[in-house]
Engineer: 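Okay, handing you the structure first.
The sequence lines fix the lettering, A, B, ..., with proteins before strands; numbering per chain opens at 1.
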Amino acid sequence: MYQYNEQDQNLINARVEQYRDQTRRFLAGEIPDEEFRALRLMNGLYIQRHAPMLRIAVPYGLMNSVQIRKLADITRKFDKNYAHFTTRTNIQLNWPKLEQVPDILAELAEVQMHSIQTSGNCLRNTTTDHFAGIIPDEVEDPRPWCEIIRQWTTLHPEFAYLPRKFKIAVAGSTEDRAATQVHDIGLHLVQNDAGETGFEVLVGGGLGRTPVIGKVIRSFLPKHDLLTYLEAILRVYNLNGRRDNKYKARIKILVNALGTEEFTRLVETEWDIIRATETRLTDEHIARIKGFFEPQPYAADAVDGLAVLENQLADNQEFSAWYERNTRDHKVAGYRAVVVSLKPHLKAPGDITDVQLDAVADLADKYNFGEIRSTHDQNLVLAHVAAGDLYQLWQSLRDQNLARPNIGTLTDMIVCPGFDFCSLANAHTLTVSEQINQKFDDLDYLHDIGDIKLNISGCINACAHHHVAHIGILGVDKNGEDFYQITLGGSSREDASLGKIIGRAVPQADVANTIEKVLQVYIDNRTDDERFIETVRRIGVAPFKERVYAPVN
Amino acid sequence: MPLLINRVVTEDSWLLVDEDNLSTHLNEDIVVPYELFAAEQEQLLSAEGGLGIRINGDQDLNLVLQNLDKLSLVTIEFPAFTDGRGFSFARILRRSGYSGQIRAEGDVTRDRLEYMERCGFDAFAIPADRFDETMVNAFGEVSVHYQGCADDERPIFRQ
Ligand code: SF4
C-alpha cells in the first residue's frame, strides 16, 4: 500500500497543527459558530445527537495492521471502546470530545491517517472495489489511480467550497462493487481498441432525495489526462452548481438542468484549455504510485493447502457454510479473499470493538501480509489468505464474533446510524435491523434466499443507499411515529437501477413481517437459480405489492 | 476595512465609484461595479486613470476576460465565505495572463486566505471586526501542496 514520504507526512502534521489552532481560536470565541462548522466538517467533525462524531478517512478502504491497532487504542483513550465503519469505507468515532480532536488527529498522523475532507462541501474520500488487485478479469488495479486522486483532492485550494459534497469512485473491472454509477463522478478503467488503458467517465449519479444513475460523458479518457479532466469537471461544477438550495446543489442537478450534452460540452471546452498544463500526469508519477501496489509476496506452495482445506470443509459444516458465504476466489491459486463480517446477530452493523480491532490486526499480520480493507457494505476484507490457513483464521474470527456466515445475505445489511445517533434522522434504523435479525436468524433459510441486498436509511439523505438495494427501507416520520417505506429492485452494481416504492409506509412493528411476505413472493415465483433481484426484475413489483397490502381476513 | 496586499497591511489607493460620482472621478484610479462597467464600458476604457472592476459569482467573468489588458484591479466579492466561485474566477484570471491585482472582498477571513492566495488573489479586504495582525500567519500554514495552482502550476510530481 501507499507509504507516506517526508512531504506527505509534513502535510498531515501541518494540517493537524492548523486544525489545533482553529479549535483553539473557536474555543476562544474568535471564530463564529457557522464558520467553525465548515472548518470542522472539512476535518470530519460533526455535532451529533448526543456528542460530536469524528469521521476518519480510510482512503479507498485500505489499511495496515499498525493503523488498525492505533484505531483500537484511540477508541480506548478517547471514545467508548468501539468504532463504526461507514459506506464510504471510513471510520466513525461516536463519542470524541471536541477539545480532544486535535490530539486524536495527532495520534492518527503518527500512522499516516487523518480525517481531511471526510465531510463538508468538498472533495471526499475516493472509494473503490474492495477486491481490487485480486480479481482475475481486472483491467487494472484501480488503487494507484485512487491514490493519485487522493493526492490531487487533498487540500485542493480551488475546490474546498463547492456547492455541495463531492464523491468519486473508481472501478477496475466489469463487476462494480464500488457503486460507481451513483457517485458524483464514477470512473471505470477500460481499454481502447489500441489496447491502451484509460477511463470511462460518468457524472451526476447520486442518491439522497433525488436518486439518479450517472451519465457517461466520455467513453475513453487517456490515463495521463485523468487529473486535468477531473479539474475541468470540478471547475464547471464549482462555477455553475446551484448555491441557493442545498437540495439542488449536487452535480446531478446541474447535469440534469443543463442536459448531458451541454454539460459535456462545457467540460470538454474547459478541458481543451487545461489538458496540456502541468497537472497532466507523467509516466514517472504513475509508475511511482503503481510501485506501492505490487502484488503481495505470495507463497508458491500455498496450493498445497488446498487438499487439507478440502478435508476440513468436508468435516465441518459450520466451517464450510462460512467458506461458501464469506470467502471468494483470488487470482493467485491457493489463496482466497475472506470477508470479515461486521454484521453479527443483534449488534449495530459496521460496529467493531477495540478488542476485535486488535484481533483483526493480529490476524492480518499472521495470515494476510498485514493488510486490512474496509468495504462499501461495512465489512472488512482479508484479501490474501492461503487455503491452508483458512480453518485457523475462521476459528479465530469466530472467537471474536466476526465469522457470521452471512455475507451477501439478508442480514448483511447496510444500515445508517439513524435516530440513535444522527441528528438528521426521521426514524430509528438499528431497531429495525435488530428486528430483521431476530426474525431471520435461521441460517438455512438465509442461505436458501441467497444473494440479496437490504439497506436501511433513517432519512431521505439515504446514507445507507436504500434506493440501490434489492430491498430498500427508508425511515419516515408520521406524526411522531416511525414508519418505513419499502422499495424493491434497486442495484448499485454494474446493472445499476433504482428501487421502486411498493406502497404506503408500514409501521415499525410490521417491517420484518413485511419483508417475510416479500421473500415469500420470491420463493413462490423464482425459477431454478434465479436470484431475488432477477425475480423482481422479471415479474415486477405488482405481485409483491399485492401480497404485502392484501387485506387481512 | 484593513487591506492586505502581498501579505502586508496597506492603504487602499483605489476609489469605489457608483453611477452618481463616476463622472467626477473618471480619470482617477477607480473600481467600478460590474453593472456600471457593462453600461459605461466605452468611456471607462478611454479614461486616463487606473481601472478596476468589482464582480461576484453571479456575474459573467467573460466581460472581465475581454478587457483584461485594460484592468489593473479585479475585485471578487464573496457574499458568504461558503461561496467558492471566486476561487475559480481568480484561477481563470491568472491563467489568462492577468498580472494585475486580484482582491478578495466581502466575507473574507483568516481561514481561507491561504487557499485564496494559492488561487491567485494577492489582496484581501478584511472586515475590521475580523482583522488582527496575526492573520498573516495563515499564509503558508500548510506548505506542502499536492496540486498545482496559480501560485505554482506544478503539482507535487513535477516540483
Ligand atoms: S440517512 Fe439520514 S438518518 Fe441515516 S445517517 Fe444519513 S442523514 Fe442520518
Engineer: Which residue, A:Thr153, A:Thr154, A:Asp8, forms the side chain to side chain donor-acceptor pair (under 3.5 Å) with B:Tyr146?
Structural biologist: A:Asp8
Engineer: Quick one: what part of B:Glu114 sits under 4.5 Å from any heavy atom of chain A, side chain, backbone, both or neither?
Structural biologist: side chain
Engineer: Specify which of A:Thr277, A:Leu162, A:Leu39 makes the most heavy-atom pairs with chain B at under 4.5 Å.
Structural biologist: A:Leu39
Engineer: Quick one: are A:Ile274 and B:Arg95 in side-chain contact, heavy atoms under 4.5 Å?
Structural biologist: yes
Engineer: Ignoring hydrogens and angles, tell me if any N or O in the side chain of B:Arg158 forms a donor-acceptor pair with the backbone of A:Leu281 under 3.5 Å.
Structural biologist: no
Engineer: Does B:Arg110 come within less than 4.0 Å of A:Asp21, counting only side-chain N to carboxylate O?
Structural biologist: yes
Engineer: Examine whether an atom of A:Leu155 lies under 4.5 Å from a heavy atom of chain B, and if so say whether it belongs to the side chain, the backbone or both; otherwise answer neither.
Structural biologist: both
Engineer: Quick one: of A:Asn10, A:Leu234, A:Asn13, A:Thr282, who has the most non-hydrogen atom pairs under 4.5 Å with chain B?
Structural biologist: A:Thr282
Engineer: At a 4.5 Å cut-off on heavy atoms, which part of A:Arg25 comes close to chain B: side chain, backbone, both, or neither?
Structural biologist: side chain
Engineer: Please answer whether the main-chain N or O of B:Thr82 pairs with a side-chain N or O of A:Arg243 as donor and acceptor at a distance below 3.5 Å.
Structural biologist: yes
Engineer: Give the member of A:Arg280, A:Glu284, A:Glu17 that has the highest number of heavy-atom pairs under 4.5 Å with chain B.
Structural biologist: A:Arg280
Engineer: Measure A:Arg37 against the heavy atoms of chain B and call it side chain, backbone, both or neither at under 4.5 Å.
Structural biologist: neither
Engineer: For the residue pair B:Phe157 and A:His285, does the interplanar ring angle fall in the parallel (under 30°), tilted (30 to 60°) or perpendicular (over 60°) class?
Structural biologist: parallel
Engineer: Heavy-atom distance under 4.5 Å to chain A: side chain of B:Leu61, backbone, both or neither?
Structural biologist: neither
Engineer: Of all heavy-atom pairs between A:Leu239 and B:Ser88, which one has the smallest distance, and what is that distance?
Structural biologist: CD2-CB, 3.7 Å
Engineer: Evaluate side-chain contact (heavy atoms from CB on, under 4.5 Å) for A:Tyr161 paired with B:Arg85, printing each intermediate quantity in order.
Structural biologist: CA-CA 8 Å; A:Tyr161 294 90; B:Arg85 292 176 291 189; over 6 Å; no
Engineer: Checking heavy atoms, do the side chain of B:Asp83, its backbone, both or neither come under 4.5 Å from chain A?
Structural biologist: both
Engineer: Answer yes or no: are there more than 12 heavy-atom neighbours, outside A:Tyr247 itself, under 6.0 Å from its atom OH?
Structural biologist: no
Engineer: Decide, yes or no, whether a salt bridge links A:Glu35 with B:Arg112 under the criterion of side-chain N to carboxylate O below 4.0 Å.
Structural biologist: yes
Engineer: Once rounded to the nearest 0.5 Å, what's the spacing between atom CD of A:Glu34 and atom CG of B:Asp107?
Structural biologist: 8.0 Å
Engineer: Can you spot which of A:Gln22, A:Arg15, A:Gln18 makes a side chain to side chain donor-acceptor pair (under 3.5 Å) with B:Glu141?
Structural biologist: A:Gln18
Engineer: Is any side-chain heavy atom of B:Arg130 closer than 4.5 Å to a side-chain heavy atom of A:Pro32?
Structural biologist: yes
Engineer: Using non-hydrogen atoms and a 4.5 Å limit, figure out which bit of A:Glu270 sits close to chain B: side chain, backbone, both or neither.
Structural biologist: side chain
Engineer: Among A:Asn240, A:Leu227, A:Ile273, which has the most heavy-atom pairs under 4.5 Å with chain B?
Structural biologist: A:Ile273
Engineer: Indicate yes or no for a side-chain donor-acceptor contact from A:Glu278 to the backbone of B:Glu153 under 3.5 Å, with no hydrogens or angles considered.
Structural biologist: no
Engineer: List the steps, then state whether salt bridge (Lys or Arg N to Asp or Glu O under 4.0 Å) holds for A:Glu158 with B:Arg91.
Structural biologist: CA-CA 8 Å; A:Glu158 186 181 346; B:Arg91 187 94 199 267; 2.9 Å; yes
Engineer: Name the member of B:His145, B:Arg118, B:Met116 that forms the most heavy-atom pairs with chain A at distances under 4.5 Å.
Structural biologist: B:Arg118
Engineer: Do B:Tyr115 and A:His156 make a side-chain contact, defined as non-hydrogen atoms from C-beta onward lying under 4.5 Å apart?
Structural biologist: no
Engineer: Given 3.5 Å as the limit, does a donor-acceptor pair link the side chain of A:Asn238 with the main chain of B:Gly84, or not?
Structural biologist: yes
